[in-house]
Amino acid sequence: MPATRVTIALNARQSQKAPLLISASATADPAAANSIRGLVFKTAQSKLRLKKPARVYVSPAGQELLTEEDWKKNIKLDVTLLISAGEDYVGVKKEDNTHEDANVTCPVEILASKAPIESLSVTQLTTTAHTLPGIVHAVGQPDLHPGTKFPIGAVFASRNWIHPPLIGSDIGCGMAWYKTILPRSQVDGNKGKKVAEKLRGLEGAWRTRAYREAWLENDDGSCSVGEQWDSALGTIGAGNHFAEIQVVEESCPTKDGRQGLYEDGVILLVHSGSRGYGGSILKKYTTDSHTSFEESSHEAIEYMKEHDKACQWAQANRDLIALRFLACLEPGNEDWQLGSSDTDGTGEVDAAMIERAKGTLQQRKVVDIWHNNVERVRWPPSPLSSMKEEVASSSPTAEGTDSFTPNDMHQQEYLYVHRKGAAPTYDPHTQQPLDLLPLPGSRGTPTLILKPTFSASMSWGLKNALSLAHGAGRAMSQAKALSSLSQKYKGQNILEPRPADAGGTWVICDEKDLVFEEAPDAYKDVEAVGQDLVDAGVASIVGRCRARVSYKVRNEAR
DNA sequence: ATGTAC
């Protein structure tokens with residue numbers, strides 16, 4: 001006997017609905033243990049978030065299902081059941097996809113001219129901006145590309161509404177740069193291969209549960225989220241995540257001299273997120289039909305708490321990945337000893353060792369940003385305090401635009417800036433502009449060092465929604481890259497530099513699909529993406545780095 | 001992206 005597919009919806013709000021398969025083994029008798037009624041109520045609780053389902057009506061007839069006969073007669077393919085918390089049948093409302101808080105005139109900006117933009121991603125950007133409740137500004141960065149439903153490389157600022165799907169499952173994903181003390185002579189050319197060989201023992205869990213929990217302690221307490229997810233702490237993950245040893249090939253110190261990257265320096269770029277935890281949060285709080293929360297709702301508050309925890313966890317994860325890499329790269333440094341597996345043998349957590357490693361790591365850290373998160377910000381952006389000087393000296397013509405002056409501060413409100421693959425232009429903690437941030441290419445292609453711009457002409461960050469591109473952006477879907485690039489490079493090893501290319505990258509990737517899915521050809525030209533940011537007046541390119549060793553995944557058994 | 005969901 002096949003299962004029967006029906007739709008259940010809230011009687012009070014019929015736009016909120018969910019599909020339900022009723023197996024043939026469920027019985028019509030509402031009093032039975034395996035009743036259809038029980039199944040419907042359970043689904044209404046989990047998918048429609050109706051705490052106490054009480055009555056069921058058939059739509060559009062409005063008949064209430066009470067007796068076994070009622071259930072038997074009415075459970076048929078594609079019927080819609082309206083679930084009530086006790087209230088009477090409210091009748092059929094006209095199907096209306098537009099939310100009353102949707103903003104059909106929401107401005108949508110795409111900061112690209114040189115970088116190719118697929119039309120599907122523009123449709124996704126515009127549709128999202130115009131249909132989700134509360135969106136007041138949407139920006140497509142030059143790395144914009146289509147996602148399953150929502151675009152990647154996009155920023156959405158909303159009033160009152162929080163939309164977890166716009167951040168996605170990898171909450172807290174981002175990038176951090178750390179300095180190493182290696183001279184470039186140790187990573188250039190064929191030396192890169194030797195360095196790649198040293199990168200071992202990085203797959204799988206790091207040390208013990210007790211060590212992981214100790215690593216997750218921070219100033220605000222603990223960001224441990226339970227062993228189920230904590231066990232992945234210190235691992236890079238799959239997809240576009242990586243850790244990369246790079247050489248700074250050009251670098252222009254910024255005028256305040258705080259530039260943290262020096263020419264010929266060897267640095268480590270870590271791109272990873274919250275592993276399984278972020279996805280579990282998205283799943284826990286959203287259903288197919290319930291994806292947006294008003295800021296004061298209980299769900300929004302609980303979601304934000306877990307979101308913030310995932311961001312902390314992801315940051316601790318990047319730090320631990322860096323520690324594990326540094327233990328391989330600088331074996332003489334005792335501060336990194338903690339990064340390797342526990343060879344002391346005692347198994348006891350050495351708190352002093354953790355403190356020392358964290359301290360030294362923070363000294364090495366140049367920048368760490370989240371590019372998948374939601375942040376509450378004052379809007380419209382005002383000249384940040386460090387920018388006062390430039391405000392004072394800005395020309396009177398610029399004042400005539402929609403730019404903001406400190407006098408207008410009281411007109412600001414708080415909005416939620418949702419970033420899905422978009423880097424912030426400032427440090428959310430200090431509220432100061434970032435000196436630099438990475439715009440990674442892919443493997444052999446350069447990573448640009450960006451410096452965000454703040455000026456009256458881009459309305460102090462309104463134009464780019466206080467954000468920049470987070471990478472080159474996909475030019476091909478994973479499926480397309482896999483099929484076309486595995487053909488193109490058939491019989492070739494694209495994980496080593498070509499013999500003529502001394503400046504190339506040694507790639508560690510023991511997953512054969514990933515080799516092609518993440519090949520440079522699958523991405524846009526990072527120089528075009530960077531130039532679009534410059535042309536839009538939102539960033540300058542202050543330097544370039546090149547990867548020497550790019551670590552994706554290693555099969556240790558090999 | 002992911003201790004995926006079907």
Side-chain angles (χ1 to χ4, degrees), chain A residues 2-6 18-25 39 43 46-47 121 124 143 145-154 163-175 203-206 209 212 224-243 270-289 291 306-307 309-311 313-315 317-318 321 369-374 418-423 440 442 470-474 476-482 509 511 513-518 522-523 551-553:
Chain A
T4 307
R5 187 182 66 227
V6 305
L20 169 62
L21 279 177
I22 297 172
S23 81
S25 62
L39 179 67
T43 312
S46 64
K47 303 284 183 197
S121 59
Q124 290 181 336
D143 58 341
H145 58 279
T148 317
K149 194 163 180 198
F150 305 109
I152 299 152
H163 308 281
L166 296 185
I167 297 126
S169 60
D170 197 1
I171 301 168
C173 184
M175 299 200 188
E203 299 295 328
W206 173 73
R209 178 178 181 170
R212 291 188 286 274
S224 167
V225 296
E227 182 59 9
Q228 183 187 13
W229 310 119
D230 284 357
S231 60
L233 193 71
T235 61
I236 294 171
N240 62 354
H241 289 169
F242 61 79
V270 176
H271 174 200
S272 188
S274 55
R275 308 293 273 106
Y277 179 51
S280 77
I281 299 171
L282 182 64
K283 215 170 109 192
K284 178 173 166 186
Y285 288 90
T286 63
T287 66
D288 285 349
S289 55
T291 57
E306 290 214 56
H307 163 282
K309 205 157 196 184
C311 288
W313 196 100
Q315 206 168 68
N317 189 38
R318 289 190 283 275
I321 291 165
I369 57 97
W370 293 295
H371 56 221
N372 286 358
N373 70 343
V374 57
H418 300 72
R419 296 187 175 94
K420 177 58 191 283
S442 184
H470 80 311
R474 277 200 171 279
M476 277 180 217
S477 69
Q478 280 160 307
K480 171 125 197 285
L482 179 57
C509 184
E511 249 232 64
D513 287 3
L514 211 50
V515 171
F516 303 108
E517 287 166 357
E518 296 298 316
Y523 283 83
Y551 188 109
K552 298 288 292 184
V553 62

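Numbers restart at 1 for each chain; the letters A, B, ... are given by sequence-line order, proteins then strands.
Remark: the A/Tyr277 side chain and the A/Gln228 side chain contain no N/O donor-acceptor pair separated by less than 3.5 Å.
Considering only residues two or more places apart in sequence or on other chains, A/His371 meets the side-chain hydrogen bond (donor to acceptor under 3.5 Å, both in side chains) condition with A/His271.
Of all the heavy atoms in A/Asn373 and A/Cys311, the pair that sits closest is CB-SG, 4.1 Å. Contact between A/Thr235 and A/Arg275 at its shortest, heavy atoms only, is OG1-NE, 2.9 Å.
When heavy atoms are screened at a 4.0 angstrom cut-off, A/Gly237 is found touching the sugar-phosphate backbone but no base atom.
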*Report the C-alpha distance between A/His241 and A/Asp170 in whole Å, list the side-chain angles of each, state the deciding distance to 0.1 Å, and finish with yes or no for side chain to side chain donor-acceptor pair (under 3.5 Å).*
CA-CA 11 Å; A/His241 289 169; A/Asp170 197 1; 3.1 Å; yes
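As a whole-Å value, the separation of A/Arg318 CZ from B/dA1 C1' is 14 Å. Rounded to whole Å, the distance from CD on A/Glu511 to P on B/dA1 is 13 Å. When the C1' atom of B/dA1 is taken as reference, atom CD1 of A/Ile281 falls 14 Å away, rounded to whole Å.
With respect to A/Glu517 and A/Lys480, no salt bridge is recorded, no charged nitrogen being found less than 4.0 Å from a carboxylate O.
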Might you list the N or O atoms of the protein lying below 3.5 Å from N or O atoms in nucleotides 3-6 of chain B, with each pair's distance?
unit_1: B/dG3; atom_1: OP1; unit_2: A/Gly276; atom_2: N; d: 3.4
unit_1: B/dG3; atom_1: OP2; unit_2: A/Arg275; atom_2: NH1; d: 3.0
unit_1: B/dG3; atom_1: O6; unit_2: A/Gln228; atom_2: O; d: 3.4
unit_1: B/dG3; atom_1: N1; unit_2: A/Gln228; atom_2: O; d: 2.2
unit_1: B/dG3; atom_1: N1; unit_2: A/Ser231; atom_2: OG; d: 3.4
unit_1: B/dG3; atom_1: N2; unit_2: A/Gln228; atom_2: O; d: 2.7
unit_1: B/dA5; atom_1: OP1; unit_2: A/Lys283; atom_2: NZ; d: 2.3

